[in-house]
Amino acid sequence: MLVSPSLLAANFANLERDIDMLNQSHCDWFHLDVMDGVFVPNISFGFPVMEAMARTAQKPLDVHLMIVEPQKFIPEVKALGAKVMNVHYEACTHLHRVVQAIKNEGMMAGVTLNPHTPVHLLEDIITDLDLVMLMSVNPGFGGQKFIPQVLEKTRKLRRLINESGSRALIEIDGGVNRETGQRLAEAGADILVAGSAIFNAPNPHAEIDFLKGLSR
């Protein structure tokens, strides 16, 4: 299992300290949640803060744009040195074009689905994707309760990937902890995004190691 801690849950008064803690951990990626107050009802951080994060981070960046018109910022995300650029299905009128533009910049192209968006809508693009992220909370705020219906949605996505021959990875974001992580692993997830469960834990490294030890 890959683990991508969400920096949205970090202490922003001690951001360098928290990033260094993750640098010393066994986590795989750093998950950066960008919110614009339009696509989602909150504002998080923008490129100046992410540039500072990128200078300190020693793990690949997993950038999740919860914004309108995410295609406008492909060059900026590339300039961060990001490994993954995640855009929302619901925010992209011309999704295939956006996916190809991300891949042309040498990044992994990820498409995110909100909790209400069905998996079958990806049937015609699944083989072009490197990653699909399922939101297991309504996007916009950290610390929310896991939506259990996403377990069956994960199983449906796993079937679609297997039947299509796609090599896309399944990433889950929202309400991930030891309990939900185990159930998601059994449902077919490859990557777990965890924020509060890691940063609020007495031993964040132990939480990361537990999640990494899960397998499907």
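Met1 is linked by a side chain to side chain contact (heavy atoms under 4.5 Å, CB included) to Ala185, Leu192, Leu214, counting only residues two or more places apart in sequence or in another chain.
Using a distance-only test at 3.5 Å, with no hydrogens or angles considered, a donor-acceptor pair links the side chain of Asp36 to the main chain of Val38. Side chain of Lys153 to main chain of Thr117: a donor-acceptor pair is present (N/O by atom type, distance under 3.5 Å, no hydrogens or angles). Using a distance-only test at 3.5 Å, with no hydrogens or angles considered, no donor-acceptor pair links the side chain of Ser6 to the main chain of Val193. Asp62 places no side-chain N or O within donor-acceptor distance of the main-chain N or O of Phe30, the cut-off being under 3.5 Å. Of the possible polar contacts, one joining the Ser44 side chain to the Asp33 backbone as a donor-acceptor pair under 3.5 Å is found.
Under the 4.5 Å side-chain criterion, counting only non-hydrogen atoms from C-beta, His120 is not in contact with Leu122. Between Leu134 and Thr112 there is no side-chain heavy-atom pair separated by less than 4.5 Å. Between Pro70 and Cys92 there is a side-chain heavy-atom pair separated by less than 4.5 Å. Residues Trp29 and Val84 form a side-chain contact, since some pair of their non-hydrogen atoms from C-beta on lies under 4.5 Å apart.
We find that Asp130 and Lys103 are joined by a salt bridge, their nearest charged nitrogen and carboxylate oxygen being less than 4.0 Å apart. Ionic pairing of Arg158 and Asp190 is present here: one or more N-O contacts between side-chain nitrogen and carboxylate oxygen are shorter than 4.0 angstrom. Remark: Glu186 does not engage Arg183 in a salt bridge, criterion side-chain N to carboxylate O under 4.0 Å. Under a 4.0 Å N-O distance rule, the pair Lys83/Glu105 does not qualify as a salt bridge.
The stretch residues 81-106 participates, sequence neighbours left out, in these ring pair (Phe, Tyr, Trp, His ring centres under 6.0 Å) pairs: Phe39-His88, His64-His88.
Within a 6.0 Å radius of CD in Glu152, other residues, nucleotides and ligands contribute more than 12 heavy atoms. For Arg178, the CZ atom counts as densely surrounded, since its 6.0 Å shell holds more than 12 non-hydrogen atoms of other residues, nucleotides or ligands.
Residue Val87 is grouped with residue Leu121 when hydrophobic side chains (ILVMFWY) are merged at heavy-atom distances under 4.5 angstrom, including chains of intermediate members.
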With a cut-off of 3.5 Å and sequence neighbours excluded, list every side-chain donor-acceptor pair involving residues 12-24.
from	atom 1	to	atom 2	distance (Å)
Asp18	OD2	Asn11	N	2.8
Asn23	OD1	Gln58	N	2.8
Asn23	ND2	Thr56	O	3.0

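Note: Lys72 NZ to Leu65 CG = 13.0 Å, rounded to the nearest 0.5 Å. Rounded to the nearest 0.5 Å, atoms CE (Met85) and CG (Leu80) are 10.0 Å apart. Annotation: the span from Ile172 atom CD1 to Ser4 atom OG amounts to 12.5 Å, rounded to 0.5 Å. Remark: Phe45 CZ to Leu8 CG distance equals 6.0 Å, nearest 0.5 Å. Asp173 CG to Asn86 CG: the interatomic distance, rounded to the nearest 0.5 Å, is 8.5 Å.
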Worksheet entry | Verdict with reasoning, Asn177 to Thr180, per side-chain hydrogen bond (donor to acceptor under 3.5 Å, both in side chains) | CA-CA 5 Å; Asn177 53 36; Thr180 57; 3.1 Å; yes
